Protein chains: 2
Amino acid sequence: MSPTDTPALRSLVLGSGGGGGVPQWNCNCRVCRLAWDGDPRVKRRTQSSLAVSADGESWLLLNASIDLREQILARPAMQPKGQGRHSPIAAALLTNTDVDHAAGLLALRERQPFTIWGTRATLDTIGANRIFDVVGRDIVPRRAVRLGERFEPLPGLTLELFAVPGKVPLWLEEGEVKTDEIGEGTVGVAVEAGGRRLVYAPGCAHVTDDLHARIAGAHALFFDGTLFTDDEMKRAGLGDKTSRRMGHQPVSGPGGTLETLSGHAGVRRILIHINNSNPILIEGSPEEQQVKAAGWEVAYDGMEVRP
Amino acid sequence: MSPTDTPALRSLVLGSGGGGGVPQWNCNCRVCRLAWDGDPRVKRRTQSSLAVSADGESWLLLNASIDLREQILARPAMQPKGQGRHSPIAAALLTNTDVDHAAGLLALRERQPFTIWGTRATLDTIGANRIFDVVGRDIVPRRAVRLGERFEPLPGLTLELFAVPGKVPLWLEEGEVKTDEIGEGTVGVAVEAGGRRLVYAPGCAHVTDDLHARIAGAHALFFDGTLFTDDEMKRAGLGDKTSRRMGHQPVSGPGGTLETLSGHAGVRRILIHINNSNPILIEGSPEEQQVKAAGWEVAYDGMEVRP
């Protein structure tokens with residue numbers, strides 16, 4: 001960005017689905033069946049990732065989904081310009097180490113300089129898996145940031161990470177799992193450019209006072225839309241875990257997102273990281289209507305938001 | 001497969017590209033530029049994976065590419081049938097631990113039973129990366145096989161692994177790298193069903209006498225088509241490594257694949273794992289003509305071969 005340009009916050013949804021995407025590879029639940037059949041009411045969705053930029057030229061990925069190659073092929077803004085090797089993707093930040101948020105780093109090899117950002121805990125967890133060394137540390141530095149520290153991963157784009165309640169990734173679960181730990185393991189992100197601000201929290205076990213305050217100060221919110229009801233997986237015969245056991249506050253019901261965040265009507269509110277079992281993925285369904293009536297939007301791949 | 005059915009060997013190319021696919025996320029080389037532009041001479045290609053079956057119902061993946069979710073969505077034979085959770089993918093075998101061959105395991109979570117096969121060395125290398133535990137070991141066993149041992153991962157489908165010269169994966173390279181090691185690190189696969197046989201060797205530093213003998217006894221061969229010339233990466237300004245340094249025998253030139261395997265004219269020969277820089281990806285190019293004139297085919301995504 002040249003110094004005379006005015007930064008303006010832009011965001012582009014690369015993937016709006018939760019783990020597995022829509023449809024999920026091995027699933028014939030109601031939503032997936034419609035998706036496999038090409039029913040126009042259900043959009044196919046890749047896994048959760050949001051790109052943000054202050055100039056529309058260089059972009060920061062908030063999470064790197066395992067579907068990243070496909071996402072780049074689908075979005076001209078993410079594709080190389082000019083001759084030889086190039087990418088508009090200048091940085092990637094992980095909010096946790098779930099496979100759907102982190103495995104996409106493996107798609108960013110081929111000697112392309114960029115920077116990986118995260119908390120020290122996140123970078124250490126990734127660092128313990130040598131397969132990520134395929135993204136050469138000599139040209140792709142990993143930079144740890146502290147919670148509450150303001151930093152500028154790209155010119156004109158200011159970020160701050162903050163703790164949101166969550167749990168260790170599925171692949172590190174052992175014995176009793178604490179589902180609402182507050183620390184460096186699961187974070188939300190406040191992004192600011194040109195005086196506008198968005199908050200991104202694709203995984204959140206419950207809303208803290210701190211998160212309320214941050215949402216109140218934002219123009220747009222991308223929030224955890226994983227499951228609609230707490231017992232959705234059980235009722236669909238897809239698994240034994242509740243939404244809360246998975247570290248995700250359900251969208252509906254007592255203490256759910258619609259209720260908890262109803263006070264933030266002035267903020268543009270968008271659900272993201274939506275699991276394939278979630279009926280809000282069916283356009284026109286009662287659940288989607290309920291979400292819309294409560295003032296929320298449902299993210300889709302390719303959605304552009306300029307807060 | 002019911003006992004009265006006659007097994008018949010089938011293979012389906014899920015991905016025909018090398019590491020990065022075509023186009024590659026950060027590349028504007030000649031081939032990638034055409035692919036980005038949608039030029040009909042260059043087919044887009046996902047990363048290398050071959051599915052094989054004896055009954056057309058349950059399938060074994062030979063390598064699991066990071067593009068696996070996209071590949072499943074593109075191929076009805078790989079999609080779930082019936083109600084709830086299901087997958088025709090009943091097993092996956094890794095020929096080495098390159099990211100383009102192994103990272104797709106991360107796409108096969110969601111509590112779906114199948115079996116992962118590989119040499120002890122390959123399973124140990126993967127096992128050292130806890131992120132792969134997202135594919136729960138309790139329902140997805142990992143089974144080591146010895147070189148030269150015949151085994152039946154699916155009813156009616158018999159396999160044998162054999163060493164081909166290769167190197168450690170890029171992400172484990174340290175100091176001086178031996179590029180033509182013979183051991184459990186890089187293997188080829190002989191697949192047999194219904195009296196027909198195919199050999200799959202997507203990475204091969206040079207052709208040994210053993211490999212010659214195996215190809216001579218096969219009906220079809222899928223072979224390493226990574227680079228056309230040894231100095232292709234250098235000449236295109238894409239990197240410093242030669243094809244042989246990367247552990248891949250080049251297609252053309254002295255000691256290249258066309259020359260080395262010219263004696264096997266009776267075998268259906270197909271190049272796979274083709275890097276984005278390789279000019280055989282441009283239909284009608286002199287290099288593609290040369291390959292065809294020598295009796296070879298160029299694999300593409302969705303290609304079906306019944307040897």
Side-chain angles (χ1 to χ4, degrees), chain A residues 19-21 23-29 32-33 35-36 44 46-47 66-70 72-73 76 78-87 89 97-100 102-104 106-112 125-126 128-136 169-173 236-239, chain B residues 19-21 23-29 32-33 35-36 44 46-47 66-70 72-73 76 78-87 89 97-100 102-104 106-112 125-126 128-136 169-173 236-239:
Chain A
Q24 182 180 294
W25 74 286
N26 65 337
C27 193
N28 256 327
C29 73
C32 285
R33 185 71 270 158
W36 289 118
R44 291 188 168 198
T46 57
Q47 292 166 79
I66 192 169
D67 299 325
L68 185 51
R69 181 177 180 274
E70 184 183 355
I72 293 170
L73 264 68
M78 299 295 121
Q79 297 169 6
K81 312 288 182 283
Q83 299 284 309
R85 297 275 171 95
H86 170 265
S87 175
I89 298 169
T97 53
D98 282 348
V99 165
D100 52 340
L106 299 174
L108 297 178
R109 43 202 174 119
E110 315 293 357
R111 312 293 300 162
Q112 182 66 40
T125 302
I126 291 300
N129 289 266
R130 280 208 59 188
I131 195 167
F132 288 100
D133 286 352
V134 78
V135 181
L170 183 58
W171 52 275
L172 288 179
E173 285 192 9
L238 301 175
Chain B
Q24 181 181 296
W25 74 288
N26 66 337
C27 193
N28 256 328
C29 73
C32 286
R33 186 69 271 157
W36 289 118
R44 290 186 169 200
T46 58
Q47 291 165 81
I66 192 169
D67 299 326
L68 186 51
R69 180 176 181 274
E70 183 183 357
I72 292 170
L73 265 68
M78 300 294 120
Q79 297 170 7
K81 312 289 182 285
Q83 299 283 309
R85 296 274 170 96
H86 170 265
S87 176
I89 298 170
T97 53
D98 282 348
V99 165
D100 51 341
L106 299 173
L108 297 178
R109 51 209 168 114
E110 314 295 356
R111 311 294 298 163
Q112 182 66 39
T125 302
I126 292 299
N129 289 265
R130 280 208 61 187
I131 194 167
F132 288 99
D133 287 353
V134 79
V135 181
L170 183 58
W171 52 278
L172 288 178
E173 284 192 10
L238 301 174

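Being a predicted model, the structure only gives us computed values, none of them experimental. We use all heavy atoms of the structure for the numbers below, so side chains are in, but hydrogens, waters and symmetry mates are not. Each chain gets a letter, A, B and so on, in the order its sequence line appears, and its residues count up from 1.
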Quiz item: Which heavy atom in A:Ser87 sits nearest to a heavy atom in B:Asn26, and how many Å separate them?
Solution: CB-CB, 4.2 Å
Practice problem: Measure A:Gln83 against the heavy atoms of chain B and call it side chain, backbone, both or neither at under 4.5 Å. | Solution: backbone
Quiz prompt | Straight-line distance of B:Leu73 CG to A:Glu70 CD, nearest 0.5 Å | solution = 7.0 Å
Quiz item: Given a strict heavy-atom distance threshold of 4.5 Å, which part of B:Pro23 is in contact with chain A: side chain, backbone, both, or neither?
Solution: both
Quiz item: chain A heavy atoms under 4.5 Å from B:Asp98: which part of the residue, side chain, backbone, both or neither?
Solution: neither
Quiz item: If you round to the nearest 0.5 Å, how far is CG of A:Leu106 from CG of B:Leu106?
Solution: 7.0 Å
Quiz item: Which one of A:Ile126, A:Asp133, A:Leu108, A:Leu172 has the most heavy-atom pairs closer than 4.5 Å to chain B?
Solution: A:Leu108
Quiz item: Highest number of heavy-atom pairs under 4.5 Å with chain A: which of B:Val135, B:Leu238, B:Ile72?
Solution: B:Leu238
Quiz item: Heavy-atom distance under 4.5 Å to chain B: side chain of A:Arg44, backbone, both or neither?
Solution: side chain
Quiz item: Where do B:Arg109 and A:Asp100 land on the side-chain contact (heavy atoms from CB on, under 4.5 Å) test, with the steps shown first?
Solution: CA-CA 11 Å; B:Arg109 51 209 168 114; A:Asp100 52 340; 3.8 Å; yes
Exercise. Determine the option with the most heavy-atom pairs under 4.5 angstrom with chain A, choosing from B:His86, B:Arg33, B:Met78.
Key: B:His86
Self-check item: Minimum-distance pair of heavy atoms, taken over all atoms of A:Val134 and B:Trp171
Solution: N-CB, 3.5 Å
Exercise. Output the option from A:Gly21, A:Ala35, A:Cys29 having the highest count of non-hydrogen pairs under 4.5 Å with chain B.
Key: A:Gly21
Quiz item: Which answer fits B:Trp36, side chain, backbone, both or neither, if we ask what part of it has an atom under 4.5 Å from a heavy atom of chain A?
Solution: side chain
Quiz item: Which one, B:Ala103, B:Gly19, B:Ala236, leads in non-hydrogen pairs under 4.5 Å with chain A?
Solution: B:Gly19
Self-check item: Which residues share a side chain to side chain donor-acceptor pair (under 3.5 Å) with B:Thr46, sequence neighbours left out
Solution: B:Gln71, B:Asp301
Practice problem: Heavy atoms only, distances under 4.5 angstrom: which of A:Ile66, A:Ile131, A:Val99 has the most pairs with chain B? Name it, please. | Solution: A:Ile131
Quiz prompt | chain A contact via B:Leu170 - side chain, backbone, both or neither, heavy atoms under 4.5 Å | solution = side chain
Practice problem: Could you tell me which portion of A:Arg69 (side chain, backbone, both or neither) has an atom closer than 4.5 angstrom to a non-hydrogen atom of chain B? | Solution: side chain
Quiz item: Contact part of B:Glu110 toward chain A, heavy-atom cut-off under 4.5 Å: side chain, backbone, both or neither?
Solution: both
Quiz item: With respect to chain B, which residue among A:Gln112, A:Gln47, A:Arg130 yields the maximal number of heavy-atom pairs within a distance under 4.5 Å?
Solution: A:Arg130
Quiz item: For the atom pair NZ (B:Lys81) and CG (A:Asn28), what is the distance rounded to the nearest 0.5 Å?
Solution: 9.0 Å
